[in-house]
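Because the structure is a prediction, the values reported are computed rather than measured.
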Amino acid sequence: ARERRRLRHRESAGEGGAALKTSKLLITTAWLLATVAAATGVYRKVFTAYERESQLMVDQHLASLDVAYRSTVQMHQLDIQTRMRADVLTPAVITLLQQISQARDEDVPLLRGRLYRELRPAYQSMVGIGLRQVQFHRPDGRSLLRMWSPELTDDPLFDRRPSVRLVNTRLDSVSGFEGGGLMPGFR
């Protein structure tokens, strides 16, 4: 009888031990799930704050770049306008351009050479400060004179250079960043 009681006691203790183990496992699992849920929530909050701060920084940098770009373009335009008035649009150059516009095609090469010689000192000064490309074109969009390559003339520019087409069709100045035959640049 004693033996049976001991066996029953062990069996009931074993059942209670199993219940205790199951209870501990459930508590541990619930605690782990709560910890993972809390960590996920914290991660989402931190990540959302990081994304918001990152976007603010990107927006600030883009605004700064926009201001810098616009300032650069405006200063470039002012510099070009000043140089055009002082060095390029001289009475002698304007007279040569008028003569070219009224000349027969066979007389244009001679006048182009005179225009090149008239502008060469001013052009060399511009090259010294990094303004390498000065170009004149005809109203129909053909190249009249490339100061950096005077032997290349009469090629059509309208298809490759939208700004040349706009200037000659609207008869108004155009400026901005544009691709070219050799390299892009501010025009």
Side-chain angles (χ1 to χ4, degrees), residues 1-86 88 123 125-135 137 141 143 146-149 152 155-187:
R2 247 188 203 172
E3 204 46 50
R4 270 193 235 160
R5 273 189 232 151
R6 245 192 273 163
L7 281 175
R8 269 191 233 153
H9 180 65
R10 279 187 189 165
E11 285 175 6
S12 68
E15 288 172 9
L20 184 61
K21 285 181 184 178
T22 302
S23 174
K24 283 184 179 179
L25 183 62
L26 286 173
I27 291 171
T28 303
T29 303
W31 181 82
L32 281 173
L33 287 173
T35 302
V36 167
T40 301
V42 168
Y43 172 79
R44 282 186 178 168
K45 275 195 175 260
V46 168
F47 185 73
T48 300
Y50 172 78
E51 277 187 325
R52 189 172 34 251
E53 290 295 320
S54 294
Q55 189 59 49
L56 282 172
M57 289 182 67
V58 166
D59 292 345
Q60 289 173 346
H61 287 299
L62 285 174
S64 295
L65 283 173
D66 184 55
V67 168
Y69 174 79
R70 289 177 191 274
S71 297
T72 301
V73 169
Q74 286 175 349
M75 290 307 295
H76 177 75
Q77 287 172 339
L78 287 173
D79 183 46
I80 295 300
Q81 288 171 359
T82 301
R83 289 183 183 284
M84 286 294 290
R85 287 185 189 120
V88 177
Y123 175 68
S125 171
M126 289 181 207
V127 168
I129 61 164
L131 297 174
R132 297 179 305 274
Q133 294 184 330
V134 175
Q135 181 174 7
H137 40 80
S143 174
R146 289 177 173 91
M147 290 299 294
W148 71 96
S149 190
L152 298 176
D155 55 315
L157 301 172
F158 280 178
D159 290 339
R160 288 182 296 159
R161 300 267 310 280
S163 64
V164 173
R165 185 176 5 86
L166 289 172
V167 164
N168 285 295
T169 56
R170 293 183 182 172
L171 302 177
D172 196 12
S173 65
V174 173
S175 63
F177 194 76
E178 180 183 57
L182 297 175
M183 66 177 64
F186 288 102
R187 314 265 187 224

More than 12 heavy atoms of other residues, nucleotides or ligands under 6.0 Å from CG of Asp159: is that the case? no
What are the two closest non-hydrogen atoms of Trp148 and Gln135, and how far apart are they? CH2-OE1, 3.7 Å
Side-chain polar contacts of residues 28-39 - donor-acceptor pairs under 3.5 angstrom, sequence neighbours left out - could you list them?
from: Thr28; atom 1: OG1; to: Lys24; atom 2: O; distance (Å): 2.8
from: Thr29; atom 1: OG1; to: Leu25; atom 2: O; distance (Å): 2.8
from: Thr35; atom 1: OG1; to: Trp31; atom 2: O; distance (Å): 2.8

Distance check, rounded to the nearest 0.5 Å: Leu157 atom CG versus Ser143 atom OG? 5.5 Å
Flag side-chain contact, heavy atom, 4.5 Å: Ile129 against Arg83: yes
Minimum heavy-atom distance Phe158-Val164, with the two atoms named: CE2-O, 3.7 Å
For Tyr50, what residues pass the ring-ring contact (aromatic ring centres under 6.0 Å, His included) criterion, not counting sequence neighbours? none
In terms of heavy-atom contacts, Asn168 and Leu171 come closest through O-CD2, 3.6 Å
Just how far is it from atom OG1 of Thr48 to atom CD of Glu53, taken to the nearest 0.5 Å? 12.0 Å
Can you measure from NE2 (His76) to CD (Gln81) and round to the nearest 0.5 angstrom? 10.0 Å
State, yes or no, whether a side-chain contact exists between Val58 and Leu62 at a heavy-atom distance under 4.5 Å. yes
Return the minimal non-hydrogen interatomic distance between Val88 and Met126, and the atom names on each side. CG2-CE, 3.4 Å
Answer yes or no: is there a side-chain heavy-atom contact under 4.5 Å between Val73 and Arg70? no
Closest heavy-atom pair and its distance - Arg146, Leu152: NH1-O, 3.1 Å
